[in-house]
There are 2 protein chains.
Amino acid sequence: MLPEFKIAQLRHFVWVAELKGFHYAAQKACRTQPAISLSIRDLENKLGADVFEKRSTKSTMTELTPFGKHFLPKAKELIAHHDSISQDMMLMRNNKSGHLRLASVPSIACRLLPNLLSKFVADSPDLHISFYDDNSEAVLRKIEKQQVDIGIASLPHGHEHNNILFTPIWQDEIGVVCHNENPLANNSELHWQDLHDQRLISNGTSRLLEETEAAPLLDGSQFYISNMLSLIAMIEAGIGITTLPRFAFPEHNKTLCFIPLKTPHVIRQIGIVQLKNSSLSPAAQAFADFILKQGAAQQ
Amino acid sequence: MLPEFKIAQLRHFVWVAELKGFHYAAQKACRTQPAISLSIRDLENKLGADVFEKRSTKSTMTELTPFGKHFLPKAKELIAHHDSISQDMMLMRNNKSGHLRLASVPSIACRLLPNLLSKFVADSPDLHISFYDDNSEAVLRKIEKQQVDIGIASLPHGHEHNNILFTPIWQDEIGVVCHNENPLANNSELHWQDLHDQRLISNGTSRLLEETEAAPLLDGSQFYISNMLSLIAMIEAGIGITTLPRFAFPEHNKTLCFIPLKTPHVIRQIGIVQLKNSSLSPAAQAFADFILKQGAAQQ
DNA sequence: TCTTTTGATAAGGAAAACTTATCGTGTTAC
DNA sequence: GTAACACGATAAGTTTTCCTTATCAAAAGA
């Protein structure tokens, strides 16, 4: 009923379209020109319509018909999909352990992953790992686009990611970061009212406070610094204070201190994100299991 | 380098896996059992690893290896992707879907297109239509700029549009429009001399008379009204008469009448315009064919 | 043990894919 | 205007792939 395309045939089509000539496409395909002609004709027969303008009608160059124009991106997608699967299977076969494509938010990436990953790969010497770090939104996007198999992020409520499966693991609480010599540093916990006479520097994680009682503090904030290194440098220089999730606070810093914020008490759930309705690769599954066992304890 | 899978081959794999047997898969594929065996073996050679447990080792039934388990969802996804594209292209070829970009002169747009279009889209629920109405010059410009795929217009002689293909369909004749109570209304046809003692209101279509015997009438015209609604209102108020192509005359008007002008007998050819040397999108082609069949008869 | 079921294998034929050689039609250069 | 050229179509023949029929071997059920 439905025609069935061959991947090679689609490649021929894409090459003819992009290189604007049967001749060049033939070269690329390591075939003779008539082979490409026949391949394209077969494709046109399957589709039931021409994809290239017949040379009698059009100008000097090989041009797509409107129908062909519509088909081109679809053909390219299918080829890409095929190749990604093909490559994936090859990687999997070559080293028994496979390929782990991982994305994580920076805080976990810096604080926990180095240790976790080194333990994880200790007994899997042939495991290939691709790692990306970015914010939660970007991690989720990578999962959805299947650019990575598994991610570590928080699930931004509000935004609906209903093809994402989330397994919470860590609780990250918001706290105040200030210089050791700041009077606030003596407290063991803080409330938003305590910050009134401080210069608050907001940052990329500040939006976590946006819908809380502390929101007015943000509105009055004079500084916004997105880069973590710059932000830390500013606080170290005593220019002001900021708020950060605990995991984002540099672990061994001696001049700054982290004081939990009790009102509002904002807790960010961080965990494993994966595509719903799709099984993990063996390597990713193993890593997920590993984190559930090790990672939770480490907290 | 990378192996290239055939869709049929992947189907065989999926069927064997899901129906748990080469035999059943063969039935489903309308092939013999050895064909499936060979197909699967070829797949395993390409992958470089077995996808099914060899019967000596494992249990009674055909079982996937872990490697095969990992491949199965990917194979299914690729098949689904392929089929969705295939189906999409079939829909597009049968112009059940796609995009028809159409421009027309107002007269045809009001008098004939509503009926024609509603018939045309009757069984194409997913067909998107963009429609523009404007005068012939503008329609031709839109075609040339490829802002629309197909147009309905007349071909103004004088102006050269040598990359336009014109297929005449309707003949629109110029006539006099006057109030029912105007003495002229009794005639069944008129000549330009008959209009001498009338107040002639010229309009956008009057240029069709410019190079005819009736030109002097236009020169003496006191009124020019471009807007059709205003023009009709003026004539209905008995302020004067005008000339219009028949298709531009409002079909069901009771207070005005249309009397063909015999000298000069100006006939405007209206038809399909499209870009020469460029094939139409399937939807546009289907619409053109449809008009040629239906539209001509409807006149 | 005998029969049944299930997949593997062999050999031959049909279909598909690719090759070489040639042709026809527009394009370019002189 | 015509010769040379570029580009794709077509023809015929060969190689490769795919599928069939026939048969085999192993495991499971009675």
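Letters A, B, ... are given to chains in the order of the sequence lines, protein chains preceding strands, and every chain is numbered from 1.
One interatomic measurement links the two molecules: CH2 of A:Trp15 to P of D:dC7, which rounds to 19 Å at whole-angstrom precision. Rounded to an integer number of Å, the gap from CD1 of B:Ile36 to P of C:dT5 is 20 Å. Straight-line distance from the CD atom of A:Gln9 to the P atom of C:dC18: 10 Å, rounded to whole Å. Atom-to-atom, CG of B:Asp50 to C1' of C:dG7 comes out at 14 Å; the value is rounded to the nearest Å. One interatomic measurement links the two molecules: CD1 of B:Ile40 to C1' of D:dC19, which rounds to 15 Å at whole-angstrom precision. Between B:Glu44 atom CD and C:dG7 atom C1' the separation is 12 Å, expressed in whole Å. The distance from atom CG of B:Leu38 to atom C1' of C:dG12 is 14 Å, rounded to the nearest whole Å. Distance CD (A:Gln27) to P (D:dG8): 12 Å, rounded to an integer number of Å.
The aromatic rings of B:His99 and B:His128 lie perpendicular to each other, with more than 60° between the two planes, well past the 30° mark. Using cut-offs of 30° and 60° on the angle between ring planes, the pair B:Phe120 and B:Phe287 is perpendicular. Note: B:Phe13 and B:Phe52 have tilted aromatic rings, judged against thresholds of 30 and 60 degrees for the angle between ring planes.
Nearest nucleotide to the side chain of B:Arg31, out of C:dC18, C:dG7, D:dT20: D:dT20. Counting only heavy atoms from C-beta on, A:Phe22 has its side chain closest to D:dG8 among D:dG8, C:dC18, C:dG7. Here C:dA8 is the nucleotide among D:dC7, C:dT19, C:dA8 with the atom lying nearest to any side-chain atom of B:Pro34.
Summary of the strand contacts: A:His23 and B:Ala8 both lie near DNA chain D, and taking for each the nucleotide with the nearest heavy atom, the more 5' one is attributed to A:His23. Each of B:Gln33 and B:Asp42 was matched to the nucleotide of DNA chain D holding its nearest heavy atom; the match closer to the 5' end belongs to B:Asp42.
For A:Ser37 and D:dA9, the shortest distance from a side-chain N or O to OP1 or OP2 is below 4.0 Å.
Heavy atoms of B:Tyr24 sit under 4.0 angstrom from primed sugar atoms or phosphate atoms, though from no base atom.
For B:Asp83 and B:Gln87, the side-chain atoms include no donor-acceptor pair closer than 3.5 Å.
Pairing each heavy atom of A:Gly151 with each of A:Ile143, the nearest pair is N-CD1, 3.4 Å.
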